[in-house]
Structure formats: structure tokens, C-alpha cells
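What follows is one structure encoded as C-alpha cells, with my remarks underneath.
Throughout, a chain's letter reflects where its sequence line sits, starting with A, and its residues are numbered from 1.
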There are 2 protein chains.
Amino acid sequence: MTRKALKRERATARRKPIRPKGTRTPKRNRGRPAKEDGTELMRDRILNAAEELFAEHGFDGVTVRQVTRRANVDVALAHYYFDTKRGLFDAVFLRRAAIINEERIKAIDEYQANPGPGGATIEGFIQAFLDPVMERWATGGKGWKDYLAIVAQVNNTPKWGGETMARYFDPVIHRLIDGLRSIMPGARDIDLYWSYQFLSGALTLTFAETGRIDRLSSGLCRSSDEAAVRSRMAPYIAAGFRCVCLAKNRKPPGGKQP
Amino acid sequence: MTRKALKRERATARRKPIRPKGTRTPKRNRGRPAKEDGTELMRDRILNAAEELFAEHGFDGVTVRQVTRRANVDVALAHYYFDTKRGLFDAVFLRRAAIINEERIKAIDEYQANPGPGGATIEGFIQAFLDPVMERWATGGKGWKDYLAIVAQVNNTPKWGGETMARYFDPVIHRLIDGLRSIMPGARDIDLYWSYQFLSGALTLTFAETGRIDRLSSGLCRSSDEAAVRSRMAPYIAAGFRCVCLAKNRKPPGGKQP
DNA sequence: AGAGTAATTCAACGATGGATGAAATGATGC
DNA sequence: GCATCATTTCATCCATCGTTGAATTACTCT
């Protein structure tokens with residue numbers, strides 16, 4: 001017994017049997033398909049189509065019918081596998097979140113266990129945190145790019161920015177902050193968290209590849225230029241952390257100091 | 001002759017006069033209202049309601065009916081004033097964009113004309129660029145906060161991140177970059193633009209006040225803490241610019257240098 | 001005072017939204 | 001070889017969507 005059965009149980013005797021209507025016209029293309037391997041599983045077809053569309057138009061800008069049309073699949077199948085539209089979105093979001101999160105934890109652990117000569121640095125930790133995502137973004141193909149565009153939208157939406165992001169990403173971020181704290185013993189947590197906030201904004205916007213910088217710079221910069229991002233983002237962010245989190249560099253610019 | 005007349009002209013004789021239906025039931029509450037001053041104009045009521053809802057749910061997550069219901073106004077009135085849903089959104093977006101853009105240009109001009117003793121600094125320019133928004137965010141009330149939440153979503157959406165943001169914000173950004181270039185004669189444009197990109201992400205996410213950092217820090221930080229942002233954002237960002245744009249500070253972290 | 005115009009509401013249109021019950025059909029296990 | 005199960009499609013439900021034509025009422029100008 002799989003999803004359908006569960007669903008039917010949940011919805012026991014909800015409606016009257018409304019459908020005394022027309023007789024069925026038995027046509028082709030119905031029922032369980034021949035198990036022809038090699039083709040993508042329908043469930044994955046739906047996920048992939050949804051990923052593309054959500055990346056471009058956001059959750060509310062996409063209809064389930066658009067997704068299933070792109071996947072060449074019946075509408076009902078999306079509900080069969082994912083129950084609701086929201087369930088489909090969550091499935092898209094989860095699929096890759098698990099992967100980068102694991103890679104990130106591993107990267108930070110490895111860096112801390114074995115930093116280069118001279119010991120661990122702020123830039124080193126930031127790099128370890130960024131690298132897995134950067135790598136997927138640069139070489140993971142359209143699927144990963146679409147996924148990162150979705151993350152950017154979720155991160156910047158009040159409705160989801162709080163809970164959805166938290167559930168999936170908080171542990172990794174705490175791991176990063178632990179690492180940074182270990183090499184900045186004097187840093188206050190409040191400074192570390194705010195610095196991460198700025199990091200988060202810069203990161204998600206950049207990987208979202210909105211095309212904004214291309215236009216702004218009249219084509220001088222390209223959103224998709226991985227080398228450009230690779231050589232600048234970590235240094236930029238590390239400099240910010242150094243400035244904000246190391247007390248000696250803090251200079252109150254007029255405002256009161258908390 | 002105002003909007004309605006223009007609209008009717010545009011749609012000359014488009015449809016057959018479909019409506020041989022029921023007779024009108026003349027009730028209260030119709031037609032042009034008595035000119036009772038002191039109350040908000042209906043056009044503004046619609047704009048305000050739309051601003052709130054767009055901030056929370058995004059363009060596609062809001063229906064025109066929700067907006068007019070919150071504004072206590074008939075649906076048709078929204079189309080009377082703004083033609084389409086998109087027109088309504090643009091009106092919301094434009095209303096405040098004009099204000100901050102003007103203030104920002106003025107702030108940067110003034111800073112460059114009269115920096116403190118010691119001359120202009122990177123941090124000074126950044127501060128001049130941020131201050132008008134910061135001020136509105138901190139003291140402008142819910143309207144401005146909602147507006148900035150909308151900006152964050154637009155900025156991070158591929159569909160609009162390119163064109164919509166460009167049309168309204170590019171001139172100010174170029175003004176900022178001109179200022180920065182004037183005190184960093186050796187800086188390459190490509191570095192300045194990429195640095196701005198990181199600034200942009202940090203800025204829009206922070207002002208969007210998604211509540212993310214509150215949860216992440218277990219309540220240690222509050223999204224709405226203006227003093228915390230005021231004392232950290234400009235230094236963080238200025239440090240990043242210094243690091244990326246001043247050649248002597250550039251150190252290639254393994255990747256190839258463009 | 002009457003004609004014209006601006007602002008507001010009513011009532012509907014056609015399309016489409018998410019969702020689901022039931023039929024169909026191949027695979028699986030006994 | 002037959003009953004059960006998992007997967008897929010068909011056909012539809014009902015609510016709601018953006019948008020509009022026309023009626024209605026108040027204000028403005030002559």
C-alpha cells in the first residue's frame with residue numbers, strides 16, 4: 001500500500017459519490033505503463049519540471065497544470081505523488097538541500113581538522129562553507145542553478161524566509177559559526193550572526209543569477225561568470241567578518257553601540 | 001476626461017452588449033461619494049493595501065480582490081485607477097522608489113562636495129548611499145518596511161530582478177560607483193560592480209526583515225534592530241570593497257585571476 | 001438649472017485554479 | 001491463472017481569478 005491508499009484512508013467517506021454522469025469512453029494511454037527502463041521516472045519528471053518553473057516564477061507564479069504539462073504527465077499524477085502543490089514545492093526544495101548540507105558539514109569539518117600551514121583562517125572557513133555550493137552552481141548544470149534561484153526567493157520572502165530556511169539550513173550555519181568562533185575567541189555572537197546575515201544576502205542573490213549585474217554594468221560583468229565570483233566573494237565576506245567581529249576594527253560611525 | 005474615458009477609447013466596440021439579464025436592484029452606497037475631506041483618498045487606500053499584501057505574499061500570491069477587500073473598496077475601482085494588476089504593482093513600486101532615489105543622489109552629492117576632515121572615504125560613500133534607506137526603514141513606519149520587503153523580492157527574482165530594478169535604481173547606483181571610483185583611481189570597474197552586487201544582496205535581505213536571523217540566533221538578534229544594523233552594515237560592506245577593489249589587497253585563493 | 005464629467009458600485013463573463021473519485025491497466029505474488 | 005497492488009489517465013467539481021460594461025451618484029462649469 002502506497003501513497004494513494006494512505007490518501008484514501010485519510011479522506012474516508014468525505015463526499016457523496018457525485019458522478020452519475022457520462023459513460024467512460026475507453027481510449028488508449030491509460031493505466032499503469034509498461035516498465036520500460038531507461039526513461040526518467042515520472043516522479044522525477046515532475047520534480048524537474050517543477051524546479052524549472054518555480055525558479056522562474058516562484059511558488060505562486062506557477063500552476064500545477066503548467067508543471068505537469070511540461071513534464072508530459074497528467075495533473076492528477078502530481079497530486080498522487082506530492083498530495084498538494086505545497087508538498088511538491090517542499091519536495092523540490094528538499095531534494096538538493098540534503099546534498100549540499102551534507103557536503104558543507106563535511107567541508108567545514110575537514111578544513112578545521114586539517115587547515116593549511118599557519119592554521120585556520122576566517123577566509124578558510126568561509127571558503128569551506130561556500131565551496132560546495134559554488135561547485136554545484138558552477139558545474140552542476142541547470143538543475144542546480146534553478147534550485148539556487150529558488151533558495152534566493154525563499155530566503156528573501158518573509159512568509160518562508162523564517163521557517164522554511166531554518167528547518168533545512170540552520171545546522172550547517174551553526175557549524176560555520178562554531179568554526180569561526182574557534183579562531184576569533186573574542187568575537188561576540190551577535191556580531192557573528194549579523195555578519196552571517198550579510199553573507200547570506202550576498203550569497204543567495206549572487207547564485208540566483210538574476211541578470212541584474214549584467215545590465216547594471218552594461219555587459220562588463222556576467223551573472224554566470226564563475227571565475228569572477230570565485231575570486232571575489234570569499235575575500236569580500238571574510239573582510240567584512242574581520243571588520244565587524246574583531247573588536248579592534250570596530251569603529252562606531254555615529255550610532256550608539258549596543 | 002480621465003482614466004475611464006481613455007480606457008473606453010482604447011477598447012472601442014470590443015464586445016457585443018451581453019447583458020440582457022436581470023434588472024438592477026438600486027441600493028445604497030453607489031456612485032460618486034460626498035467630498036468628505038480628512039479621509040484617505042481611495043486611490044491611496046488601494047495602494048496601501050496592495051503594499052501590505054505584496055510585501056507579505058509577492059505579486060502572484062495576491063489577488064486584486066484581496067487588495068480591494070482590505071481597502072474596503074470595490075474590485076472594479078482598482079482597475080479604474082491602475083488598469084491591470086501589474087499596473088497596480090508598478091504603482092506601488094514607483095511611489096517610494098522616486099523618493100529614496102532622490103534622497104540618495106542628494107546624500108552622495110553632498111558627501112562628495114563636503115566630506116569630513118581627511119577627505120572622502122569608502123565607508124563615507126557607502127554610508128551616504130545607505131543612510132536614506134536606513135532612515136526610512138528605521139523610522140518610516142510599516143509602509144516603508146513593506147516596500148523594502150517588496151524590493152527584496154523583486155531583486156531576487158529572475159523575472160523582474162533584471163528589468164524592473166534596472167529601470168528605477170540604476171542611475172543612483174552609477175552615481176555611487178562614480179563616487180567610489182573617484183577615491184580609488186586604481187580600482188577596476190569589474191571589481192566595483194561585483195562588490196556592489198554583494199552589497200545589494202546584503203542590503204535587500206537585511207531590510208526585508210524576514211525574521212530569519214531571529215530564529216537562527218535563538219532570539220539573540222532581532223531583524224528589526226536598527227542600531228545593530230546601523231553600526232555593522234556600512235563597515236562590513238566598506239571592508240569588502242576595500243579588500244576586493246584595492247589591488248594590493250587582492251590575493252587569488254586558488255582560482256584563476258580574470 | 002441643466003449638461004457633462006469623475007468616481008464608485010453592481011453584476012457578470014469566460015478562463016483557470018487546486019483538487020479528487022473512479023476507471024483503466026500493467027506488474028507482482030501466490 | 002487469478003487476486004491484489006501500484007501507477008496513470010479521465011472527467012469533473014467548485015471556487016476564484018482578472019477584467020469589464022453599465023448603472024449610479026456627486027461634483028463642476030456654464
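A straight line from CG of B/D44 to P of C/dT8 spans 11 Å, rounded to a whole angstrom. Here C/dG26 presents its P atom at 17 Å from CG of A/L77, a figure rounded to the nearest Å. For the pair B/D74 CG and D/dT25 P, the computed distance is 15 Å after rounding to whole Å. Between B/R45 atom CZ and C/dT9 atom C1' there is a gap of 13 Å when expressed in whole angstrom units. What separates CZ of A/F82 from P of C/dT20 is a distance of 15 Å, to the nearest Å. Straight-line distance from the CG atom of A/L53 to the P atom of C/dG18: 12 Å, rounded to whole Å. To the nearest angstrom, P of D/dT7 lies 12 Å from CE of A/M42.
When the side-chain nitrogen and oxygen atoms of A/Y81 are compared with OP1 and OP2 of D/dT8, one or more of them lie within a distance under 4.0 Å. An OP1 or OP2 oxygen of D/dT20 is reached within less than 4.0 angstrom by no side-chain nitrogen or oxygen of B/H79.
Partners of A/E103 according to the side chain to side chain contact (heavy atoms under 4.5 Å, CB included) rule, which considers only residues two or more places apart in sequence or in another chain, are A/I99, A/P132, A/R136. For A/R222, the salt bridge (charged side-chain N to carboxylate O under 4.0 Å, His left out) criterion is met by A/D225, not counting sequence neighbours. A search for side chain to side chain contact (heavy atoms under 4.5 Å, CB included) contacts involving A/E56 returns nothing, not counting sequence neighbours. Applying the side chain to side chain contact (heavy atoms under 4.5 Å, CB included) criterion to A/K142, with sequence neighbours excluded, gives A/E52, A/D146. With sequence neighbours excluded, the residues satisfying side chain to side chain contact (heavy atoms under 4.5 Å, CB included) with B/T63 are B/R65, B/Q66.
Counting any heavy atom pair closer than 4.0 Å across all strands shown, A/V75 reaches no nucleic acid atom.
For B/K85, taking side-chain heavy atoms from C-beta onward, the closest of the listed nucleotides D/dG18, C/dG18, D/dT9 is D/dG18. Closest contact between the side chain of B/Y80 and the listed nucleotides D/dT8, C/dT8, D/dT20 involves C/dT8.
Remark: A/V62, A/T63, A/V64, A/R65 in residues 56-67 of chain A come within less than 4.0 Å of DNA chain C through at least one heavy atom.
Taking the side chain as every heavy atom from C-beta outward, A/I150 and A/F89 approach each other to under 4.5 Å.
A salt bridge does not link B/D170 with A/R215: every distance from a Lys NZ or Arg NE/NH1/NH2 to an Asp or Glu carboxylate oxygen is 4.0 Å or more.
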